[in-house]
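Read through the structure below, which is laid out as structure tokens, and then see the notes.
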There are 2 protein chains.
Amino acid sequence: MIEVYQSTIYSWDKYYRTNFVNSLNGFKSANLLGSISPTGKSNLSIVSSLVHLGSDPALLGFVCRPTTVPRHTYENLKETGWFTANHVAEDIIRQAHQTSANYPADVSEFAACGLTEVYVQDIPAPFVQEALLRIGLKYEEEYTLKANNTILVVASVQYVCLPGHALESDGLINLEKTKTVAISGLDSYHSTSRLDRFSYAKPDKELRSIG
Amino acid sequence: MIEVYQSTIYSWDKYYRTNFVNSLNGFKSANLLGSISPTGKSNLSIVSSLVHLGSDPALLGFVCRPTTVPRHTYENLKETGWFTANHVAEDIIRQAHQTSANYPADVSEFAACGLTEVYVQDIPAPFVQEALLRIGLKYEEEYTLKANNTILVVASVQYVCLPGHALESDGLINLEKTKTVAISGLDSYHSTSRLDRFSYAKPDKELRSIG
């Protein structure tokens with residue numbers, strides 16, 4: 001085992017440090033955020049920070065740095081109040097990663113990266129047709145972290161679209177059936193395989209495998 | 001494809017809704033948070049919300065609901081200023097899940113669940129010996145979300161311990177070599193397999209596979 005202290009992390013060059021620190025929390029969710037400007041320009045950007053914030057109300061959050069690519073997403077969702085999250089599926093990882101390129105605001109990453117935008121009823125934000133799990137999200141609030149000026153955007157789940165066969169009998173979504181991938185670091189994409197699923201844990205009671 | 005609107009989500013019973021909404025963001029990181037009370041009682045709890053917040057400074061965050069099991073972790077880290085995050089490895093998923101049982105504050109989940117606490121120098125928080133990637137974290141700040149009273153805890157990376165062979169030449173940590181698992185929903189544990197790793201994306205430039 002090797003030991004790394006904070007002073008060592010800050011002695012590394014930016015690329016090495018960024019790769020290392022982005023690996024630390026473990027596997028990350030892989031989502032394409034879709035949005036549209038008030039003038040009708042669609043936008044798509046990959047994020048690995050979409051996080052569950054609560055089930056009742058159903059809330060998700062993501063982390064946005066003003067200086068990074070998702071800033072067009074942020075500007076759009078602030079103006080329209082809406083965005084979408086679309087799971088990156090195994091067969092679109094290359095297109096998904098390409099959305100992280102720094103395109104000008106007037107270029108749609110959908111066209112530039114070869115993905116198809118679709119719309120649902122009154123939701124003013126584009127979904128990704130190639131994604132098998134798509135979520136319509138409404139902006140709720142945000143927090144700017146003093147520690148690094150990063151913004152946590154909080155949004156409520158308004159709409160979900162998924163394949164019926166991926167929905168298990170107790171509400172769990174089988175993310176292997178939606179071909180959802182996980183991310184590590186900045187640029188590494190992973191498929192998964194379920195090891196086990198356990199019953200609700202109680203003190204002095206043996207866990208059961210439930211699938 | 002099936003479509004689910006917000007009103008349907010709120011019509012479901014709590015168990016079904018919790019499973020469903022916890023699946024929505026995709027795969028989640030799997031970490032055991034270690035802490036100790038000022039009177040020396042160690043505590044360990046699994047979280048799936050550890051999220052990368054920035055690399056310079058190196059910051060991680062996690063989401064804590066005052067009413068759920070990680071509250072002892074929260075109380076301890078507020079008192080001591082420190083906690084640890086330890087990647088859940090494939091061979092300890094059962095013990096890791098068992099830490100989510102609602103043990104009294106005076107019971108250490110290390111002993112109750114069969115995991116080994118170890119300490120490093122002056123860090124006042126226990127690490128999990130069975131974890132192959134361990135992080136020492138210092139409390140920095142917190143935000144209480146108006147939307148649901150959840151607390152986002154922000155912490156700085158002070159120390160990391162990992163197997164040397166898991167560290168790739170450019171700083172990325174190979175999370176298959178640390179046997180790190182991913183979580184979906186509340187209780188489903190997954191191993192991973194790297195599909196591809198891509199070069200930094202630029203407009204009008206083809207992505208290269210870099211391992």
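Model, not experiment: these values are computed from the prediction. Per chain, numbering begins at 1; letters A, B, ... match sequence-line order.
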field: Rounded distance (nearest 0.5 Å) linking atom CG of Leu32(A) with atom CD1 of Ile92(A)
entry: 5.5 Å
message: Using heavy-atom distances under 4.5 Å, tell me whether Ala85(B) contacts chain A through its side chain, its backbone, both, or neither.
response: neither
- request: Flag the one option from Arg17(B), Glu206(B), Glu140(B) with the top tally of heavy-atom pairs under 4.5 Å to chain A.
  value: Arg17(B)
field: Atom pair CZ (Arg194(B)) and OG (Ser188(A)), whose distance is rounded to the nearest 0.5 Å
entry: 3.5 Å
- prompt: Does any heavy atom of chain B fall under 4.5 Å from the side chain of Glu141(A), the backbone, both, or neither of them?
  reply: side chain
message: How close do Phe198(A) and Ser209(A) get, counting heavy atoms only, and between which atoms?
response: CE2-OG, 4.3 Å
- request: Drop me the distance from Gln98(B)'s CD to Leu44(B)'s CG, to the nearest 0.5 angstrom.
  value: 11.5 Å
message: Does either side chain, that of Glu3(A) or that of Tyr159(B), offer a donor lying less than 3.5 Å from an acceptor on the other one?
response: yes
query: What part of Tyr10(A) is in contact with chain B, defined as an atom under 4.5 angstrom from a non-hydrogen atom: side chain, backbone, both or neither?
result: side chain
- prompt: Looking at Val107(A), Ile210(A), Thr180(A), Asn22(A), which one has more heavy-atom pairs under 4.5 Å with chain B than the rest?
  reply: Asn22(A)
message: Looking at every non-hydrogen atom in both residues, tell me the closest pair between Asn43(A) and Ser45(A) and how far apart they are.
response: OD1-N, 4.2 Å
field: Ring centers of Phe27(A), Phe27(B) separated by less than 6.0 Å
entry: no
- line: Most heavy-atom pairs under 4.5 Å with chain B, out of Lys146(A), Glu90(A), Arg134(A), belong to Lys146(A)
query: Which bit of Val51(A) is near chain B, if near means a heavy-atom gap under 4.5 Å: side chain, backbone, both or neither?
result: both
- prompt: Any idea which of Asp204(B), Leu167(B), Asn174(B) has the most non-hydrogen atom pairs under 4.5 angstrom with chain A?
  reply: Leu167(B)
- prompt: For Ser199(A), is it the side chain, the backbone, both or neither that has a heavy atom under 4.5 Å from a heavy atom of chain B?
  reply: backbone
task: Assess the side chains of Glu130(B) and Thr116(B): does a donor N or O sit below 3.5 Å from an acceptor N or O?
output: yes
message: I need the residue from Arg94(A), Lys205(A), Lys14(A) with the largest number of non-hydrogen atom pairs under 4.5 Å to chain B.
response: Arg94(A)
task: Mind listing the closest non-hydrogen atom pair of Leu172(B) and Ser23(A) along with its distance?
output: CD1-OG, 3.5 Å
message: Please identify, among Ala166(B), Ser55(B), Gly26(B), the residue contributing the most non-hydrogen atom pairs under 4.5 Å to chain A.
response: Ser55(B)
Contacting moiety of Val181(A), where chain B heavy atoms sit under 4.5 Å: both
- line: Minimal heavy-atom distance between Ala125(A) and Phe83(A), with the atoms involved, is CB-CA, 3.7 Å
message: Can you tell me which of Ile93(A), Ile9(A), Leu60(A) forms the most heavy-atom pairs within a distance under 4.5 Å of chain B?
response: Ile93(A)
Which portion of Ala112(B) sits near chain A, non-hydrogen atoms under 4.5 angstrom: neither
Residues Ser108(B) and Ser42(B): side-chain donor-acceptor under 3.5 angstrom: yes
field: Heavy-atom proximity to chain B below 4.5 Å, by part of His97(A)
entry: both
- request: Mind running side-chain contact (heavy atoms from CB on, under 4.5 Å) on Trp12(B) and Phe20(B) for me, showing each step along the way?
  value: CA-CA 10 Å; Trp12(B) 289 332; Phe20(B) 183 84; 3.5 Å; yes
task: May I ask you to name which of Leu53(A), Thr178(A), Thr8(A) has the most heavy-atom pairs under 4.5 Å with chain B?
output: Leu53(A)
message: Heavy-atom cut-off 4.5 Å, strictly under: side chain, backbone, both or neither for Glu142(B) against chain A?
response: neither
- request: Against chain B, label Ile183(A) side chain, backbone, both or neither, depending on which of its atoms sit under 4.5 Å from a heavy atom there.
  value: neither
query: Which region of Tyr143(A), side chain (C-beta onward) or backbone (N, CA, C, O), has a non-hydrogen atom less than 4.5 Å from a non-hydrogen atom of chain B, or is it both or neither?
result: side chain
message: Would you say the rings of Tyr74(A) and Phe62(A) are close, in the sense that their centroids are separated by under 6.0 Å?
response: no
- request: Please look at His52(B) and chain A and tell me whether the side chain, the backbone, both or neither of the residue comes under 4.5 angstrom of a heavy atom of that chain.
  value: both
query: Which atoms of Ile135(A) come close to chain B, meaning under 4.5 Å heavy atom to heavy atom: side chain ones, backbone ones, both, or neither?
result: side chain
statement: Interface check, chain B: of Leu24(A), Leu186(A), Val63(A), Asn31(A), most non-hydrogen pairs under 4.5 Å belong to Leu24(A)
field: Interchain contact, Gln95(A) with chain B, by part (heavy-atom threshold 4.5 Å)
entry: neither
message: What part of Val160(A) gets within 4.5 angstrom of chain B, counting heavy atoms only: side chain, backbone, both, or neither?
response: both
message: At a heavy-atom distance under 4.5 Å, which candidate from Asp13(B), Val157(B), Asp196(B), Val88(B) has the highest pair count against chain A?
response: Asp196(B)
- line: Under 4.5 Å to a heavy atom of chain B? For Leu145(A) that would be both
- request: Could you tell me which of Asp187(B), Leu132(B), Val21(B) has the largest number of non-hydrogen atom pairs under 4.5 Å with chain A?
  value: Asp187(B)
query: Looking only at heavy atoms, which two atoms of Leu59(B) and Val154(B) are closest? And how far apart?
result: CD2-CG1, 4.3 Å
- request: List the steps, then state whether side-chain contact (heavy atoms from CB on, under 4.5 Å) holds for Glu168(B) with Lys177(B).
  value: CA-CA 10 Å; Glu168(B) 302 200 352; Lys177(B) 291 189 177 161; 5.5 Å; no
field: Heavy-atom pair count under 4.5 Å with chain A, highest-scoring of Thr18(B), Asn148(B), Leu50(B), Leu162(B)
entry: Leu162(B)
query: So which part of Asp170(A) gets closer than 4.5 Å to some heavy atom of chain B, the side chain, the backbone, both or neither?
result: both
query: Side chains of Glu176(B) and His190(A): do they bring a donor and an acceptor to under 3.5 Å?
result: yes
message: One pair to check against side-chain contact (heavy atoms from CB on, under 4.5 Å): Phe127(A) and Val120(A). What are the steps and the verdict?
response: CA-CA 8 Å; Phe127(A) 293 84; Val120(A) 173; 3.8 Å; yes
- prompt: Which atoms of Ser193(A) come close to chain B, meaning under 4.5 Å heavy atom to heavy atom: side chain ones, backbone ones, both, or neither?
  reply: both
